[in-house]
Amino acid sequence: MAKKWRYFSPHNKGIKQHPLTHLSGREKEEFKFSLFNLITKFKAIRSICAVVNIKKAYSLDYVQSDNDMYWYAYKHIIERFQFHLQDLSRMVGSKINGLVICDNRQPKDDH
């Protein structure tokens, strides 16, 4: 199941139809928390996120555009994932591999 995070917004009342359009704001929140509960139920599943402070990000010399900010956040997520795999490898005594699956930012990125 793949859901765009913006679909969960209880305030997103855009005219563009998406898989959660039929849900009310409260139902979207309930669905989101049910999904979180399902994911966190399994110790083998790890969720890694990045929150970017836009003002601070743009004050950095190497963040000049929204793409720079996106890759800056992406870099931190991938680093955290690599550290997680290294920690697991040390714990179990053998190399643990992982997989990162990313959705594109915009439909034009498919090209």
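Just so you know, these numbers come straight off a predicted model, no measurement behind them. The first residue in the sequence is number 1, and the count goes up from there.
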Please report the closest heavy-atom contact between [X] and [Y], naming both atoms and the distance.
{"X": "Val52", "Y": "Ala57", "result": "CG1-CB, 3.7 Å"}
{"X": "Ala50", "Y": "Ala73", "result": "CB-O, 4.0 Å"}
{"X": "Met69", "Y": "Ile54", "result": "SD-CG1, 4.0 Å"}

Original post:
What residues form a side chain to side chain donor-acceptor pair (under 3.5 Å) with Glu30, not counting sequence neighbours?
Top reply: Arg26

Original post:
Who are the side chain to side chain donor-acceptor pair (under 3.5 Å) partners of Glu79, not counting sequence neighbours?
Top reply: Lys75

Original post:
Taking only residues two or more places apart in sequence, or in another chain, which ones meet Glu27 in a salt bridge (Lys or Arg N to Asp or Glu O under 4.0 Å)?
Top reply: none

Subject >> Steps toward side-chain contact (heavy atoms from CB on, under 4.5 Å) verdict (Leu85, Asn97) >> reply: CA-CA 7 Å; Leu85 293 177; Asn97 295 307; 5.9 Å; no

Side chain to side chain contact (heavy atoms under 4.5 Å, CB included) against [X], all qualifying residues, sequence neighbours excluded:
{"X": "Ser94", "value": "Val92"}
{"X": "Asp61", "value": "none"}
{"X": "Leu88", "value": "His84, Met91, Ile96"}
{"X": "Ile48", "value": "Arg46, Ile77, Arg80, Phe81"}

Original post:
How are the rings of Tyr70 and Tyr74 set to each other: parallel, tilted or perpendicular (split at 30° and 60°)?
Top reply: parallel

Original post:
ring pair (Phe, Tyr, Trp, His ring centres under 6.0 Å) with Phe42: which residues, sequence neighbours excluded?
Top reply: none

Original post:
Out of curiosity, Asn53 CG to Ser59 OG, how far, rounded to the nearest 0.5 Å?
Top reply: 8.0 Å

**OP:** With sequence neighbours excluded, give me every ring pair (Phe, Tyr, Trp, His ring centres under 6.0 Å) pair touching residues 47-69.
**Re:** Tyr62-Tyr72

